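Structure record follows, encoded as structure tokens.
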Amino acid sequence: MLSFDDYRTIINEHLTDFIPETDSKAAVLSESMKYSLRVGGKRLRPALLLASCDFAGGDIGQALPYACSLEYIHTYSLIHDDLPAMDNDDLRRGKPTNHKVYGEDIAILAGDGLLNTAAEVMTGEVLRHSGDLIGMTRHASAAHEIMSRAGIRGMIGGQTADVKGEYMEANADLVRFIELHKTADLLTAPVRAGLMLAGADDEMLNDFTSYALNIGVAFQVLDDILDFVGDEKLIGKKVGKDQDLGKCNYVCVHGLEAAMEELHRLTSEAKLSLTKYGDDASFFISLADQLENREY
């Protein structure tokens with residue numbers, strides 16, 4: 001397997017390869033889409049997809065369109081999340097948010113364009129393998145996994161609960177729902193999709209699903225912690241947004257100390273899920289530790 005930095009380099013080199021050419025009359029749309037893709041980011045989700053496919057013996061070249069599509073979906077969600085109607089953020093990764101550069105109308109369309117492009121790219125890959133039943137099934141399963149976990153029963157459902165969840169009515173069930181769907185679904189999708197593309201068996205899928213769900217929830221718990229105590233310069237946007245917007249999160253329900261304990265518990269559970277794979281799973285074990293200790 002490659003290192004995380006190697007996977008990230010591959011993603012960055014090919015990230016805009018699958019963005020369709022637009023007519024000159026709609027050139028601003030393509031420019032806006034690429035602006036948010038190029039602002040930067042961890043590339044955690046696409047790197048997880050490539051690494052999972054690689055781990056199970058698959059071809060990361062065939063996984064690349066899915067990895068890039070997943071980053072398109074993640075980026076579209078951030079563009080929309082930053083809009084005044086949602087989190088109303090001026091900065092994303094230290095740079096002006098899309099709507100601050102291109103206006104709310106183009107930002108909305110850029111998000112729509114990225115989501116639609118992801119679907120177009122992945123369904124195109126399914127069709128490209130239509131002559132091979134096993135290959136087509138693997139590609140269709142991966143595409144469905146990503147789109148369903150990004151959809152109304154996944155990320156979008158979680159975002160809905162997040163924007164409508166009232167701070168004063170916060171409760172553990174609501175917070176858990178938000179963690180699982182707003183964040184963990186889009187970290188579980190790349191792991192499962194990568195394994196599906198490689199033809200992993202059910203046992204491996206189950207083990208890695210447990211791993212991904214735990215690091216996904218842990219990721220959101222730490223985001224909640226950083227919203228209270230994070231460094232704005234490192235995070236690249238204003239902290240305290242959840243409180244300002246009256247949203248509920250893990251810290252406001254359980255307290256900061258309990259959130260830190262939950263973060264560590266979830267990380268330990270994630271690593272425990274992969275114990276049977278020994279040193280072969282060192283990439284994923286190390287990544288879980290790095291995510292627990294991230295500062296942004």
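Remember, it's a predicted structure, so these values are computed and weren't measured experimentally. FYI, side chains are in, hydrogens and waters are out, and symmetry mates aren't considered; it's all heavy atoms of this structure.
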query = CG of Asp279: more than 12 outside heavy atoms within 6.0 angstrom?
reply = no

request  = Verify the distance criterion only: is there a donor paired with an acceptor across the side chains of Asn98 and Ser32 at less than 3.5 Å?
outcome  = yes

Salt bridge (Lys or Arg N to Asp or Glu O under 4.0 Å) partners of Arg265, counting only residues at least two apart = Glu262

inquiry  = Under a 3.5 Å distance rule, please check whether Arg93 uses its side chain to pair with a backbone N or O of Lys95 as donor and acceptor.
reply    = no

message = Tell me whether Lys34 at atom NZ has more than 12 heavy atoms from other residues, nucleotides or ligands lying less than 6.0 Å away.
response = yes

message = Using the rule given for salt bridge (Lys or Arg N to Asp or Glu O under 4.0 Å), can you reason through Glu203 versus Lys276, listing the C-alpha separation, both sets of side-chain angles and the distance that settles it, and then say yes or no?
response = CA-CA 11 Å; Glu203 182 179 4; Lys276 70 173 69 169; 2.7 Å; yes

message = Hydrogens and angles aside, do Tyr102 and Glu31 bring a side-chain donor and acceptor to less than 3.5 Å of each other?
response = yes

inquiry  = If only side-chain N and O atoms count, and only distance matters, is there a donor-acceptor pair under 3.5 Å linking Asp132 with His129?
reply    = no

ask   = Are a donor atom and an acceptor atom from the side chains of Asn116 and Tyr76 found within less than 3.5 Å of each other?
value = no

Fellow cluster residues of Ile134, listed by chain then number, with links counted only when side-chain atoms sit under 4.5 Å apart = none

key: Step-by-step side-chain hydrogen bond (donor to acceptor under 3.5 Å, both in side chains) determination, Asn206 to Thr209   = CA-CA 5 Å; Asn206 290 336; Thr209 298; 5.3 Å; no

task = Inspect the contact between Arg43 and Glu71 and indicate whether a charged nitrogen and a carboxylate oxygen are less than 4.0 angstrom apart.
result = yes

message = Can you see whether Glu269 engages Ser273 through a side-chain donor-acceptor pair at a distance of less than 3.5 angstrom?
response = no

note = Checking Asp162, Asp223, Asp81 against Lys182 for salt bridge (charged side-chain N to carboxylate O under 4.0 Å, His left out), the one that qualifies is Asp162

Please report, to 0.1 Å, the donor-acceptor pairs under 3.5 Å made by any side chain of residues 149-161, with sequence neighbours excluded.
from   : atom 1 : to     : atom 2 : distance (Å)
Arg149 : NE     : Glu145 : OE2    : 2.4
Arg149 : NH1    : Asp185 : OD1    : 2.6
Thr160 : OG1    : Ile156 : O      : 2.8

task = Could you tell me whether a side-chain N or O of Asp87 sits under 3.5 Å from a main-chain N or O of Asp89, the two making a donor and an acceptor?
result = no

ask   = Within 45° of the axis and under 6.0 Å from the centre of the six-membered ring of Tyr250, does NZ or CZ of Arg176 qualify?
value = no

task = Would you check if the side chain of Ser77 reaches a backbone N or O of His74 as a donor-acceptor pair within less than 3.5 Å?
result = yes

request  = Using modelled atom types only, decide if a donor and an acceptor are shared between the side chain of Ser286 and the backbone of Ser282 within a distance under 3.5 Å.
outcome  = no

